[in-house]
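The block underneath contains the structure these notes are about, expressed in structure tokens.
What you are looking at is a predicted structure, and each value in this text was computed from that prediction instead of being measured. Just so you know, ligand 1 is whichever comes first in the structure, and atom 1 is the first atom listed for that ligand.
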Amino acid sequence: MTGRNRVKVGMIFDIKRFAVHDGPGIRTTVFLKGCPLRCLWCHNPEGISRRPQLVFTPQRCIGCGRCLDLCPQGVHSFVDNRHLIEWERCLGCGICVEECYSEALRIAGREVSVEEVMDEVLSDRPFYETSGGGMTLSGGEPLAQPRFALALLQAAKGEGIHTALDTSGFAPWEHLEELLPYTDLVLYDLKHMDDGRHMALTGVSNGQILENLRRLDGVGKRIWVRIPLVPGYNDEDSNYHALGRFLSDLKNVEKIQILTYHKLAESKYESIGQRYPLKGLEPPAKEWAESRKRILLDYGLSQTVIE
Ligand code: SF4
Ligand code: SF4
């Protein structure tokens, strides 16, 4: 690849330091903004749109009214002492955010250069060295910004830092393949084995996702498969048996993580003016998660863990 093709600026919505659930050791996770999937249980709804978005935390609002005066779109209003937001009118320009001193308003999404990201990533190098950690690209979907993802991974490897890519696998194989020389570990999501159910739950087919995982395994890349366990949506026996059959054919899956559903994302939806599709859904019982794990163990997948 030539330097001309390399994108040095991308859109992110967060950088999380001291992350311990995004690969081995202590890591810095960079969340790239934009995702082609629409998973009903998405835990990062502010990462779906590629554009910057207003985020409002009502508990922090002191009712000063500055945002009403500043917004050129007339998005903010107060009715009966309640701060109302007309989300569909908001352009995400950030003008109101600058004068909200209580930080009730913020923008999720900013353009950053590779150098800016790497400055943050490198500041925790000693922690990576002592814990076996490194940098993880997550999202959103990192493969939705393939040039920027490539530039970040190249920069990290150039500094000798361990790299992980957290992906849905929904992208052309060529995009994934191009990142592999600079990726030590792939964290690969599997949401449902039945194509129709996958389409209903995520908005896209699983055909390309399964094919990419087979190819990834075929080239010998280190893989951790991650399976969200969402009660009533993808936890049925038939799905776990299909997962067991599929995964037991692969050779390079070091770990299978069953990620139990939790409700922490609910308030995130409200804060960006969206309705949470799974409102009221309770996390699975521990015994139920164990029973899902046992199905995979019966296929010889002893690397399965619940997290
Ligand atoms: S500027 Fe911030 S604190 Fe003031 S009314 Fe607007 S959201 Fe509330
Ligand atoms: S981000 Fe811009 S358009 Fe949206 S509410 Fe604030 S000032 Fe108005």
Quiz item: Which atoms form the tightest heavy-atom contact between Glu282 and Pro231, and what is the distance?
Solution: O-CG, 3.5 Å
Quiz item: When you check the space around atom 6 (Fe) of ligand 1, which protein N, O or S atoms turn up under 2.8 Å?
Solution: Cys67 SG
Quiz item: Do Arg292 and Trp288 meet the cation-pi criteria used here (NZ or CZ under 6.0 Å from the six-membered ring centre, within 45° of the axis)?
Solution: yes
Exercise. Kindly state whether the ring of His241 and the ring of Tyr299 have centres lying under 6.0 angstrom apart.
Key: yes
Quiz item: For atom 1 (S) of ligand 2, what is the nearest protein heavy atom, given as residue, atom name and distance?
Solution: Gly94 N, 3.2 Å
Quiz item: In the protein, what heavy atom is nearest to atom 2 (Fe) of ligand 2, and what distance, to one decimal place, separates them?
Solution: Cys93 SG, 2.2 Å
Self-check item: Criterion side-chain hydrogen bond (donor to acceptor under 3.5 Å, both in side chains) against Arg226, the qualifying member of His21, Gln257, Glu307
Solution: Gln257
Quiz item: So, for Trp41 and Tyr269, which heavy atoms are closest and what is the spacing to 0.1 Å?
Solution: C-OH, 4.2 Å
Quiz item: For ligand 2, which atoms have a heavy atom of Gln73 less than 4.0 angstrom away?
Solution: 3 (S)
Quiz item: Which pair of non-hydrogen atoms, one from Tyr188 and one from Ile209, has the smallest distance, and what is that distance?
Solution: OH-O, 2.6 Å
Quiz prompt | Single hit among Leu243, Leu296, Asp298, Leu301 for side-chain contact (heavy atoms from CB on, under 4.5 Å) with Ser248 | solution = Leu301
Practice problem: Check each of Cys71, Cys90, Gly92, Pro72 against atom 8 (Fe) of ligand 2 and report the one with the nearest heavy atom. | Solution: Cys71
Quiz item: For Thr29, which of Asp166, Asp22, Asp14 qualifies under side-chain hydrogen bond (donor to acceptor under 3.5 Å, both in side chains)?
Solution: Asp22
Self-check item: Protein residue, atom and distance nearest to atom 3 (S) of ligand 2, heavy-atom basis
Solution: Leu91 N, 3.3 Å
